[in-house]
Participant: 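Just passing along the structure, written as structure tokens.
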Amino acid sequence: MAIISRAPGRLLPRTFFEGPPERVSPLLLGKLLVAKDRRGNLLAGRIVEVEAYLGPHNLPPDPAAHTYRGPTPRNQVIFGPPGHAYVYSIYGRYFCMNISCEPEGLAGCILLRALEPVAGLDRMAKNRGLPSGSALRLLTSGPSRLCQALGLTRLGHNGLDVTSNKSPLQVRDDGYPVPDALVTVRIGIKRAVDLPLRFAVPGNKCVSGPTKLTGVRVPPI
DNA sequence: CTGTGGATTTGCT
DNA sequence: GCAAATCCACAGG
């Protein structure tokens, strides 16, 4: 029996993540991030906002990416095979989660910036220190909020294969249609601030940051 | 609504 | 030594 049973939809194949992050990112919108915690709680959210971070093989390279200066112990997952979770700690108290893409040996990853909660909402509220029934956007709108809601940590989740049926952390496709994606510049960085590498589901209430998005629409996925 | 500052650790230079 | 892909509380308009 799979570690995650009764999870909705189908597991995404590794080939899904073999492309460059700027191309895979919009495809990831609408997919489900599913986590099973140690107590057996199933926690799931729909991916509604992501950002692409490019590997150093790109010309020009992406100075905002953790891989900009080459492999280090921290970022080795991003240089490994596609479809693996890169979870890192930031500002001493938070975590952010990415998924590696590009073929093994090339770097590239996608930062998950916001989810729309789908399953395990009470548990998410508890993990976030919020009362049951809190607004959805308070649970998982923001890269560190979503990690806190799903209980994702570097020690517990960095390096996990999100395409394995044995993994406690998966990305699944339940057929939810996302007609198009909105693309804007990335948020919260100080370098390469003009690259249009943030992708979001237009109009979704759980998208983080300014409610008014100023990007251009990309063609239907 | 906007802006500001503090918390607090890690990882690299 | 210090910057960091954040969040939250609080002040002011």
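Just so it is clear: chains get the letters A, B, ... in the order the sequence lines come, proteins before strands, and each one is counted from 1.
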Participant: Would you please test A:Glu22 and A:Leu54 for side chain to side chain contact (heavy atoms under 4.5 Å, CB included) and show each step?
Facilitator: CA-CA 8 Å; A:Glu22 69 274 22; A:Leu54 313 183; 3.3 Å; yes
Participant: Within 45° of the axis and under 6.0 Å from the centre of the six-membered ring of A:Tyr53, does NZ or CZ of A:Arg186 qualify?
Facilitator: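 Relative to the ring axis of A:Tyr53, which defines the angle, A:Arg186 lies inside both limits.
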Participant: Taking it one step at a time, do A:Arg154 and A:Ser89 satisfy side-chain hydrogen bond (donor to acceptor under 3.5 Å, both in side chains)?
Facilitator: CA-CA 7 Å; A:Arg154 183 180 68 83; A:Ser89 52; 4.7 Å; no
Participant: Between A:Arg69 and A:Tyr94, just flag the one whose closest nucleotide in DNA chain B comes earlier from the 5' side.
Facilitator: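 Going by which nucleotide is closer to the 5' end, it is A:Tyr94.
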Participant: Do A:Tyr53 and the base of C:dA5 stack face to face, with centres under 5.5 Å apart and an angle between planes under 30°?
Facilitator: yes
Participant: Dot-bracket, DNA chain B: Watson-Crick or G-U, under 3.5 angstrom, [ ] crossing, | other strand?
Facilitator: |||||||.||||.
Participant: Rounded to whole Å, how long is the line connecting atom CG of A:Leu138 with atom C1' of C:dT6?
Facilitator: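 In whole Å, C:dT6 C1' and A:Leu138 CG are 15 Å from each other.
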Participant: Given side chains that start at C-beta, do those of A:Lys31 and A:Arg172 come closer than 4.5 Å, heavy atoms only?
Facilitator: no
Participant: Send over the distance from A:Leu146 CG to C:dC7 C1', rounded to a whole Å.
Facilitator: 13 Å
Participant: Is any side-chain heavy atom of A:Leu136 closer than 4.5 Å to a side-chain heavy atom of A:Leu121?
Facilitator: yes
Participant: Looking at the side chain of A:Ile90, which of B:dC12, C:dC8, C:dT6 is the nearest nucleotide?
Facilitator: C:dT6
Participant: Can you check the A:Arg137 CZ to C:dC7 P distance for me, whole Å?
Facilitator: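 Result: 11 Å.
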Participant: Under 6.0 Å between ring centres: does that hold for A:His66 and A:Tyr88?
Facilitator: yes
Participant: Heavy atoms, side chains only, cut-off 4.5 Å: are A:Tyr86 and A:Ser100 in contact?
Facilitator: no
Participant: Looking at DNA chain C, which of residues 81-88 of chain A put a heavy atom within less than 4.0 Å of it?
Facilitator: A:Tyr88
Participant: Which one, C:dA5, C:dA4, C:dC8, comes nearest to the side chain of A:Tyr91?
Facilitator: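 Closest of the options to the side chain of A:Tyr91: C:dA4.
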Participant: Using whole Å, report how far CZ of A:Phe199 lies from C1' of C:dA5.
Facilitator: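 Roughly 15 Å, once rounded to whole Å.
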Participant: Counting side-chain heavy atoms from C-beta on, which of C:dC8, C:dA5, B:dC12 comes nearest to A:His66?
Facilitator: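 Ranking C:dC8, C:dA5, B:dC12 by closest atom to the A:His66 side chain puts C:dA5 first.
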Participant: How many whole angstroms separate atom CZ of A:Arg186 from atom P of C:dT6?
Facilitator: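 Rounded to whole Å, this separation is 12 Å.
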Participant: Could you go through the salt bridge (Lys or Arg N to Asp or Glu O under 4.0 Å) check for A:Glu49 and A:Arg113 one step at a time?
Facilitator: CA-CA 5 Å; A:Glu49 180 188 349; A:Arg113 284 200 58 93; 2.9 Å; yes
Participant: Is it true that A:Arg14 and A:Asp161 have a side-chain N and a carboxylate O under 4.0 angstrom from each other?
Facilitator: yes
Participant: Give a yes or no on whether a donor-acceptor pair under 3.5 Å exists between the nucleobase atoms of B:dA7, that is its base, and the side chain of A:Arg93.
Facilitator: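 Between B:dA7 and A:Arg93, which were checked side chain against base, a qualifying N/O pair under 3.5 Å is present.
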Participant: Specify the separation, in whole Å, of atom CD of A:Glu49 and atom C1' of C:dT6.
Facilitator: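 Roughly 13 Å, once rounded to whole Å.
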Participant: Can you find a side chain N or O atom of A:Arg74 that sits less than 4.0 Å from OP1 or OP2 on B:dT9?
Facilitator: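 So the side chain of A:Arg74 is outside the cut-off, no N or O lying under 4.0 Å from OP1 or OP2 of B:dT9.
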Participant: Is any side-chain heavy atom of A:Val193 closer than 4.5 Å to a side-chain heavy atom of A:Val185?
Facilitator: no
Participant: So which one's nearest nucleotide on DNA chain C is more toward 5', A:Ile189 or A:Gln148?
Facilitator: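 Looking at the nearest nucleotide for each, A:Ile189 comes out on the 5' side.
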Participant: Taking OP1 and OP2 of C:dC8, is either one under 4.0 Å from a side-chain nitrogen or oxygen of A:Arg128?
Facilitator: yes
Participant: How many Å lie between CD1 on A:Ile78 and P on B:dG11, as a whole number?
Facilitator: 13 Å
Participant: Rounded to the nearest angstrom, tell me the gap between atom CD in A:Gln76 and atom C1' in B:dG11.
Facilitator: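 One finds 14 Å between C1' of B:dG11 and CD of A:Gln76, rounded.
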